[in-house]
Peer 1: 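Got a structure for you, written out below as structure tokens; questions coming shortly.
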Amino acid sequence: MTGILNLPEEIRPFIGKFLDTKAIQACLLVSRSFHQSFEPILWQKVVIRPTKPDPGYISALRTRTWDVHNYVIHDTVASEFYQLSFPHLRRLQLSDKGHEVSNRADKNEDSHPLPLIYVQQANNQTQLVRLNPTTQTLVVTNLPATPDAEFWETIYSAWVSPQILHATGPVASTEEAAIAFWRACTRFSELSLLSLTVEPSLIFSTLTFPRVRRLNIQTTSGIHTRWDKPQDHLALMKACPQLKHLTWDAIMLSSTSLPSPSALLSEFRQAIELNHWPYLDSLEFCWLYNKLGKELALLLDAFPNPLMALRLRTCAFNSHVLAVLKDKKFESLRILKIYANCGITSKATLDILTSCPNIEVFRSTHIYAGDVNPSKPWVCKRLRSLTVCFIHRESTSSRAALDQQVYTQLANLTNLTRLDLGQYSMGYTTSDPEFHLRDAMNTLDLRLKAGLGQLSTLTKLRFFGYAYSFQVTGQVELSWMMEHWRELRTLIGQLDGIERSALRAMEARGVEYRLSAREC
Amino acid sequence: MSAHSQILLTSSEGTEFIIDRDIADKSMLLKCMLEDIGEIGQAVPLPNVSGPILTKVIEYCTHHRDDPNFLSANDDVAADIDEWDLEYCKVDQGTLYELILAANYLDIKPLMDLTCKTVANMIKAKSPEEIRKTFNITNDFTPDEEDQDWVDEH
């Protein structure tokens with residue numbers, strides 16, 4: 001019979017990538033052979049910062065290059081760290097705050113002789129990509145020295161099977177480098193382009209990106225960007241015929257200084273109508289708001305294919321949008337995430353829960369407990385993940401009864417593995433006069449006596465959160481959760497009056513506890 | 001409804017399995033082999049995979065035959081394992097390791113990720129003693145070795 005130690009070496013990284021440092025530390029203490037077997041996992045991810053003190057480290061790293069799968073360099077470091085070849089490298093990340101670059105950009109020093117240190121850094125970066133052709137994921141963020149043509153040409157011609165590219169900030173120092181950049185992009189299947197400052201020129205009329213299935217175009221507001229021609233966004237999208245997932249931050253369209261944003265969106269809609277992207281089934285939009293708000297409904301109406309996933313940030317989610325979704329897209333919709341600042345109403349959220357049958361992941365901002373209607377049950381039995389905050393109106397008198405009604409509805413969602421009752425829309429819903437969040441009286445009471453016990457039906461639950469909801473649970477609730485939610489792995493929210501032994505028991509069971517949530 | 005072409009596989013003990021072509025294509029090894037050789041009349045021998053394990057592998061591929069996200073990168077470490085997959089992995093350790101080896105040999109990345117993640121979950125959040133119990137390992141460190149600080153925080 002095969003034991004875990006009999007698994008061949010090549011399998012180890014597949015297990016190792018799912019283990020955190022704590023788990024690996026524990027493995028190292030199990031036995032000699034376990035130690036020997038799992039120690040290389042520590043070297044799977046290597047992060048280098050300029051403040052690395054240990055001079056022996058580079059020698060140690062040189063002996064472990066075969067174990068490294070993920071190599072991260074923050075800021076500018078010594079040249080020797082760029083002269084390493086990792087035969088099994090899968091992910092390479094070069095990140096910097098980009099001060100050097102932005103300084104140069106401001107002073108427009110490109111025509112002057114470059115300082116030696118800048119040239120050295122640029123050569124180092126190119127050397128590193130040349131030495132690591134097995135890389136599949138490349139992350140470049142505000143590189144200290146803007147890459148030249150050779151950097152991207154090396155990737156284009158020498159890399160064996162690139163897959164994912166995340167590029168932020170300046171990626172090309174010259175026009176030649178820009179062309180090399182876009183040519184290199186044709187080899188990837190996923191492109192994430194954040195605040196690029198490269199001139200695309202007329203490149204999109206000659207290039208296509210046949211492998212790109214996922215395209216993510218974003219602009220971080222506040223960062224000066226020279227890629228400010230949204231028509232180039234559209235040209236890029238059109239050059240990706242195999243596109244399946246599209247994320248488009250249309251913020252630049254909202255700027256009044258640009259010509260006819262509505263004409264551009266209309267062109268986008270036309271391409272959609274003509275089924276320019278036959279595989280497209282996942283959309284994420286940001287900033288289709290104000291004047292552009294009605295465009296969203298028109299876009300969705302024109303969308304010819306079944307829509308699988310829709311994510312909206314700062315987009316106008318109004319009754320037109322809901323109507324189009326109900327009419328055409330609910331059958332196929334599996335993932336719907338509506339973040340704060342979209343103006344979605346409590347009634348609209350409930351409408352989705354009571355009429356979208358196949359949805360699996362749903363996120364919205366809030367539901368007024370008073371809007372929940374027991375005679376309109378929630379039909380989304382396939383729901384695995386629900387994020388929504390239940391709120392009471394100021395005028396509510398029957399708070400306890402309303403809480404019970406909410407629990408009754410939630411209890412039917414027996415497929416839930418993730419339930420997040422946290423409040424993430426702080427301030428964004430101020431246009432709604434009924435929205436009041438002051439204290440625990442305004443949100444769903446999470447104590448056992450208020451009805452939490454009804455959720456014993458959620459036996460598959462692995463994540464339970466209620467951050468920023470003012471709710472506090474205590475020992476009674478925690479014991480109940482540990483007893484009834486046997487699969488629970490993460491708990492987020494305020495706990496109070498918990499015995500130390502209970503906290504230790506929770507940790508021993510592998511339940512992670514945090515006070516507040518990370519944005520998800 | 002078009003008829004799928006079928007493939008004949010032979011396990012290490014010689015047991016024969018007939019599966020549809022689109023199920024076989026979940027294995028990159030078989031997919032490439034069949035693309036190179038074309039339609040073949042004889043069975044494809046799999047000397048590294050026993051009958052019971054091959055049955056389990058076919059079960060997995062059959063369940064996921066219409067899954068559109070089957071080949072998308074599943075490196076999302078935090079993603080939950082889906083219910084059916086969770087049940088599928090409730091087997092004894094020996095079978096689990098055989099499945100890992102089979103998934104590796106047949107090059108079925110999602111099955112590889114699933115089974116390895118299952119093993120990783122057996123290790124996570126456990127003390128060294130609990131890990132020993134789980135995998136039936138004897139502690140062969142000397143007391144001196146045990147006290148050493150093995151991990152240098154990179």
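Every chain is numbered from 1, with letters handed out A, B, ... down the list of sequences.
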Peer 1: At their closest point, which heavy atom of Ile123(B) faces which heavy atom of Cys27(A), and how far apart are they?
Peer 2: CG2-SG, 3.4 Å
Peer 1: Sort out for me which of Lys460(A), Arg213(A), Glu10(A) touches chain B most, counting heavy-atom pairs under 4.5 Å.
Peer 2: Lys460(A)
Peer 1: Could you look at Phe38(A) and say if it's the side chain, the backbone, both or neither that has a heavy atom under 4.5 Å from chain B?
Peer 2: side chain
Peer 1: Should the ring pair Phe135(B) and Phe34(A) be called parallel, tilted or perpendicular, given that the plane angle runs from 0 to 90° and is split at 30 and 60?
Peer 2: tilted
Peer 1: Take a 6.0 Å sphere around CH2 of Trp66(A) and say whether it holds more than 12 heavy atoms from other residues, nucleotides or ligands.
Peer 2: no
Peer 1: How far apart are the closest heavy atoms of Leu29(A) and Arg132(B), and which atoms are they?
Peer 2: O-NH2, 2.8 Å
Peer 1: Which atoms of Leu96(B) are under 4.5 Å from chain A, going by heavy atoms: the side chain, the backbone, both sets, or neither?
Peer 2: neither
Peer 1: Quick check on Asn104(B) against chain A: is it the side chain, the backbone, both or neither that has a heavy atom closer than 4.5 Å?
Peer 2: side chain
Peer 1: Has Glu507(A) got more than 12 heavy atoms of other residues, nucleotides or ligands less than 6.0 Å from its CD?
Peer 2: no
Peer 1: Drop me the distance from Thr115(B)'s OG1 to Ile11(A)'s CD1, to the nearest 0.5 angstrom.
Peer 2: 8.0 Å
Peer 1: Testing the basics here: between Pro128(B) and Val30(A), what is the closest heavy-atom pair and its distance to 0.1 Å?
Peer 2: O-CG2, 3.8 Å
Peer 1: Taking all atoms of both residues into account, what is the closest heavy-atom pair of Ala120(B) and Leu19(A), and its distance?
Peer 2: O-CD2, 3.6 Å
Peer 1: Got a sec: does the CD of Glu80(A) have more than 12 other heavy atoms crowding it under 6.0 Å?
Peer 2: yes
Peer 1: So, taking the atom named CG in Asp140(B) and the one named NE2 in His35(A), what distance separates them when rounded to the nearest 0.5 Å?
Peer 2: 11.5 Å
Peer 1: At a heavy-atom separation under 4.5 Å, does Thr138(B) approach chain A through its side chain, its backbone, both, or neither?
Peer 2: backbone
Peer 1: Using a cut-off of 6.0 Å, state whether more than 12 heavy atoms not belonging to Tyr279(A) lie near its atom OH.
Peer 2: no
Peer 1: Top residue by heavy-atom pair count (under 4.5 Å) with chain B, among Ile15(A), Thr137(A), Asp20(A)?
Peer 2: Ile15(A)
Peer 1: Quick check for you: to the nearest 0.5 Å, what is the distance between Asn121(B) atom CG and Phe18(A) atom CZ?
Peer 2: 8.5 Å
